[in-house]
Asks: 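Take this structure first; my questions come after.
Sequence lines set the chain letters: A, B, ... in the order given, protein chains first and strands last, and positions in each chain run from 1.
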There are 2 protein chains.
Amino acid sequence: MSNVFKALSDPTRRRVLELLRQKSMTAGELAEHFEFSKPTMSAHFAVLKVAGLVEAEKQGKQVIYRLKMSVLEDALFGFAKTFGLSVQPEKETKS
Amino acid sequence: MSNVFKALSDPTRRRVLELLRQKSMTAGELAEHFEFSKPTMSAHFAVLKVAGLVEAEKQGKQVIYRLKMSVLEDALFGFAKTFGLSVQPEKETKS
DNA sequence: TAGATTATTAGCTAATTAACTAATTGTTGT
DNA sequence: ACAACAATTAGTTAATTAGCTAATAATCTA
């Protein structure tokens with residue numbers, strides 16, 4: 001739980017999660033969206049991985065990162081429940 | 001937003017919020033629930049205050065802390081929305 | 001006014017964080 | 001085998017964090 005909130009406490013990492021929500025991406029592809037050095041971004045990815053919020057799959061020389069939505073959901077849910085709040089998938093909006 | 005998640009990333013502070021959810025309390029009353037020194041607890045309160053999650057009211061020599069539930073709710077909501085999740089007050093359970 | 005009480009501030013330490021550059025690892029293509 | 005590429009690790013730095021004790025501030029009460 002602490003690891004999840006720690007991970008979410010940095011805006012860069014929150015943005016990474018948002019990007020991954022759109023689609024899974026390689027480390028390099030993700031890094032292109034930011035001005036930080038690649039090693040710095042790699043460290044951010046590691047924090048997200050420790051928190052369980054993303055998973056990494058090596059494909060050739062690249063590493064594909066995927067958002068683990070259920071972990072994010074469960075973490076928010078578990079915390080929110082303590083405060084009498086519920087977290088649920090939003091109702092669909094018409095496209 | 002970062003300040004809120006930063007505040008929530010520490011288990012002691014999360015516990016403080018839970019306690020305040022039951023009822024508002026003075027700094028000393030809160031501190032009794034923990035083994036840390038009072039200055040350490042005071043620092044935790046300050047972090048929560050900066051995040052806007054609690055408010056402090058001085059009453060005589062004591063300081064009463066109150067949970068600002070709406071701030072917590074809005075922060076979770078704002079974040080969750082980005083990921084297609086909704087946060088709402090839970091349905092009442094029968095007492 | 002002096003003492004007791006409540007809480008915070010000051011000042012310290014050890015550990016962690018977020019950033020960088022340089023070096024390394026692992027994989028692909030020639 | 002070697003060069004190029006993708007990503008991470010190593011090593012450094014400055015800033016922040018979470019804990020402590022001691023000191024201070026503010027308020028009450030005898």
Asks: Might you point out which heavy atoms bring A/Ala56 and A/Val63 nearest each other, and give the distance in Å?
Replies: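 Here A/Ala56 and A/Val63 meet closest at CB-CG1, 3.7 Å.
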Asks: Of all residues at least two apart in sequence or in a different chain, which pass the side-chain hydrogen bond (donor to acceptor under 3.5 Å, both in side chains) check with A/Glu35?
Replies: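 Listed in chain order: nothing, the list is empty.
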Asks: With the threshold set at under 4.0 Å for non-hydrogen atoms, list the residues of residues 62-69 of chain B touching DNA chain C in residue-number order.
Replies: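 B/Gln62, B/Val63, B/Tyr65, in order of number.
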Asks: What are the two closest non-hydrogen atoms of A/Ala51 and A/Val71, and how far apart are they?
Replies: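 For A/Ala51 and A/Val71, the tightest heavy-atom pair comes out as O-CG1, 4.1 Å.
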Asks: Among residues at least two apart in sequence or on other chains, which ones pass ring-ring contact (aromatic ring centres under 6.0 Å, His included) with A/Phe79?
Replies: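 Here the qualifying residues are A/Phe5, A/Phe83.
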Asks: Does the protein touch nucleotides 24-30 of chain D at the base, only the backbone, or not at all? Give it as B, S and - per nucleotide, heavy atoms under 4.0 Å.
Replies: --SBS--
Asks: From the 5' end of DNA chain C to its 3' end, which nucleotides mark the outer limits of contact with chain B, defined by a 4.0 Å heavy-atom distance cut-off (strictly under)?
Replies: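 Taking any atom under 4.0 Å from a heavy atom of chain B, the span is C/dT5 to C/dT9.
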Asks: Quick check on contacts: within residues 2-17 of chain B, what sits under 4.0 Å from DNA chain D by heavy-atom distance?
Replies: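 B/Lys6, B/Asp10, B/Arg13 - these, ordered by number, are the residues of the stretch whose heavy atoms sit under 4.0 Å from the strand.
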Asks: Ignoring hydrogens and geometry, is there a side-chain-to-backbone donor-acceptor pair from A/Ser9 to A/Lys6 under 3.5 Å?
Replies: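 Yes: the side chain of A/Ser9 pairs with the backbone of A/Lys6.
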Asks: Contact between B/Leu17 and B/Leu8 at the side-chain level, heavy atoms closer than 4.5 Å - yes or no?
Replies: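 Sidechains of B/Leu8 and B/Leu17: in contact.
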Asks: With a 4.5 Å limit on heavy-atom distance, are the side chains of B/Glu18 and B/Arg13 in contact?
Replies: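 Contact flag for B/Glu18/B/Arg13 side chains = no.
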Asks: With heavy-atom distances below 4.5 Å as the criterion, would you say the side chains of A/Leu20 and A/Met25 are in contact?
Replies: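 Of all side-chain heavy-atom pairs linking A/Met25 with A/Leu20, at least one is under 4.5 Å.
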Asks: Only counting residues at least two apart or in another chain, list the ones meeting side-chain contact (heavy atoms from CB on, under 4.5 Å) with A/Ala31.
Replies: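 Here the qualifying residues are A/Lys38, A/Met41.
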Asks: How long is the span from the CG atom in A/Asp74 to the CE atom in A/Met69, to the nearest 0.5 Å?
Replies: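 One gets 10.0 Å once the value is rounded to the nearest 0.5 Å.
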Asks: Using side-chain contact (heavy atoms from CB on, under 4.5 Å) as the criterion, list what pairs up with B/Ala80, not counting sequence neighbours.
Replies: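 Once residues adjacent in sequence are excluded, the partners of B/Ala80 under the side-chain contact (heavy atoms from CB on, under 4.5 Å) criterion are A/Leu76, B/Leu85, B/Val87.
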Asks: Applying side-chain contact (heavy atoms from CB on, under 4.5 Å), can you list everything that pairs with A/Pro11, at least two apart in sequence or on another chain?
Replies: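 Scan of A/Pro11 (side-chain contact (heavy atoms from CB on, under 4.5 Å), adjacent residues dropped) gives A/Arg14, B/Ser2.
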Asks: Tell me which residues in residues 18-41 of chain A lie within less than 4.0 Å of DNA chain C, going by non-hydrogen atoms.
Replies: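 Contacting residues: A/Phe36, A/Ser37, A/Pro39, A/Thr40.
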Asks: Only pairs at least two apart or in different chains count here, so list each ring-ring contact (aromatic ring centres under 6.0 Å, His included) that has a residue in residues 8-55 of chain B.
Replies: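 Listed once each, the pairs are B/Phe45-B/Tyr65.
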Asks: Decide, yes or no, whether a salt bridge links A/Glu73 with A/Lys68 under the criterion of side-chain N to carboxylate O below 4.0 Å.
Replies: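 Salt bridge absent between A/Glu73 and A/Lys68.
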Asks: Which residues pass the side-chain hydrogen bond (donor to acceptor under 3.5 Å, both in side chains) test with B/Arg66, sequence neighbours left out?
Replies: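 Listed in chain order: B/Glu57.
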